[in-house]
Undergrad: 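What follows is a structure written as structure tokens; I'll ask about it next.
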Amino acid sequence: MMHNALISRQNPVEHVETATFCKMMDRWFDCLNGRFLGQGQYARKPELEEYRYPHDWRQAWLCNSFLKWLNEWEDEITALPNLSKSERNALLLSYQTVEGLRITTISFVHLISELLKPDGSCYFVAEKFNQDKLELYFGKLRRSLGDSDNPTVSEAMHRMIALLLAGNTTAMPQNTNATNFNAGTGYRLHRR
């Protein structure tokens with residue numbers, strides 16, 4: 001939707017790259033966040049569909065379009081002459097973000113290939129592969145440490161043991177991207 005809004009502005013040429021960024025990232029998130037069977041049809045976004053055997057078109061899109069787009073963007077900015085390092089960095093996503101996107105994408109594509117085999121699953125929903133439990137645990141740990149941004153090993157270990165003993169009775173962490181989707185059974189990630 002943001003892509004269309006940017007392109008429909010008075011001078012869309014100025015917004016083409018930002019619109020492309022919004023479109024690519026939206027498709028990427030959708031490819032990795034389908035929540036239930038038929039969601040893509042319901043939302044009219046095929047990227048949200050469940051992955052099905054034997055081959056899913058999103059594998060090719062993730063590798064041949066998304067990763068290619070990331071690499072070309074980086075190559076284009078690197079090739080610009082007379083830019084300082086800070087100017088070049090301002091035109092790119094951070095190195096850590098780009099590497100995280102690459103690692104996540106490649107890992108997810110390999111996971112798809114591994115799961116959708118003749119002797120494996122006939123389909124799966126992408127959201128089932130997430131880091132909710134880790135997100136929840138470390139959110140609780142951060143919250144339990146209060147104002148301490150740099151705890152000692154001893155403080156962290158003490159809080160980890162306290163969390164282990166308290167179990168699910170500890171409060172849901174605030175300001176996190178994990179939400180309670182089924183009380184008592186876990187949390188799921190959502191985009192803000």
Side-chain angles (χ1 to χ4, degrees), residues 1-9 11-80 91-136 176-182 185-192:
M1 203 163 14
M2 181 60 75
H3 170 263
N4 295 338
L6 288 168
I7 293 299
S8 67
R9 296 185 60 117
N11 192 354
V13 175
E14 293 177 7
H15 308 286
V16 168
E17 295 304 324
T18 303
T20 300
F21 174 81
C22 292
K23 184 177 183 178
M24 295 298 278
M25 293 307 299
D26 182 58
R27 287 189 82 184
W28 184 84
F29 273 107
D30 287 346
C31 284
L32 275 69
N33 285 308
R35 290 183 289 169
F36 55 86
L37 294 175
Q39 182 183 11
Q41 192 171 26
Y42 176 77
R44 296 185 188 140
K45 292 183 92 173
E47 294 85 0
L48 291 169
E49 283 293 328
E50 62 276 4
Y51 286 82
R52 293 209 169 261
Y53 174 81
H55 181 75
D56 193 283
W57 64 270
R58 289 166 288 189
Q59 289 172 277
W61 183 84
L62 287 166
C63 288
N64 301 332
S65 296
F66 182 75
L67 288 178
K68 182 180 177 192
W69 168 73
L70 271 182
N71 294 336
E72 287 174 352
W73 177 11
E74 192 172 43
D75 293 343
E76 185 178 320
I77 299 303
T78 303
L80 291 174
L91 296 172
L92 292 168
L93 295 172
S94 73
Y95 169 78
Q96 295 85 352
T97 300
V98 172
E99 281 306 297
L101 288 169
R102 283 184 183 127
I103 290 168
T104 300
T105 302
I106 292 167
S107 299
F108 193 75
V109 167
H110 286 295
L111 178 66
I112 294 167
S113 299
E114 197 60 35
L115 288 174
L116 297 180
K117 288 185 172 181
D119 57 342
S121 302
C122 59
Y123 73 88
F124 73 91
V125 178
E127 188 193 47
K128 300 303 178 191
F129 301 97
N130 61 43
Q131 60 189 23
D132 291 343
K133 294 294 183 184
L134 286 173
E135 177 84 25
L136 177 62
T176 182
N177 64 344
T179 57
N180 189 348
F181 71 89
N182 191 355
T185 63
Y187 297 83
R188 70 174 169 80
L189 295 176
H190 68 85
R191 289 184 282 159
R192 288 184 191 181

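Heavy-atom basis, side chains included; hydrogens, waters and symmetry copies ignored.
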Undergrad: Within the 4.5 Å heavy-atom criterion, are D56 and E49 side-chain neighbours or not?
TA: no
Undergrad: Assess whether atom OH of Y42 is packed by more than 12 heavy atoms of other residues, nucleotides or ligands within 6.0 Å.
TA: no
Undergrad: So do M25 and F29 actually touch side chain to side chain, heavy atoms under 4.5 Å?
TA: yes
Undergrad: Donor-acceptor pair, E47 side chain versus W28 backbone, under 3.5 Å?
TA: no
Undergrad: When you compare the side chain of W73 with that of V98, does any pair of heavy atoms fall below 4.5 Å?
TA: no
Undergrad: Just so I know, are the side chains of F66 and C31 near enough to count as touching, which here means a heavy-atom distance under 4.5 Å?
TA: no
Undergrad: Can you sort out the partners of Q39 under side-chain hydrogen bond (donor to acceptor under 3.5 Å, both in side chains), two or more places apart, ordered by chain and number?
TA: none
Undergrad: Should I112 and R58 be marked as a side chain to side chain contact (heavy atoms under 4.5 Å, CB included) after you check the CA-CA gap, both sets of side-chain angles, and the distance that decides it?
TA: CA-CA 10 Å; I112 294 167; R58 289 166 288 189; 5.8 Å; no
Undergrad: Answer yes or no: does atom CD of Q41 have more than 12 heavy-atom neighbours from other residues, nucleotides or ligands under 6.0 Å?
TA: no
Undergrad: Mind checking ring pair (Phe, Tyr, Trp, His ring centres under 6.0 Å) for Y51 and listing every partner two or more places apart, or none if nothing turns up?
TA: F108, F124
Undergrad: Partners of T97 by side-chain hydrogen bond (donor to acceptor under 3.5 Å, both in side chains), sequence neighbours excluded?
TA: S94
Undergrad: Tell me, do L70 and T105 make a side-chain contact under 4.5 Å, heavy atoms counted?
TA: no
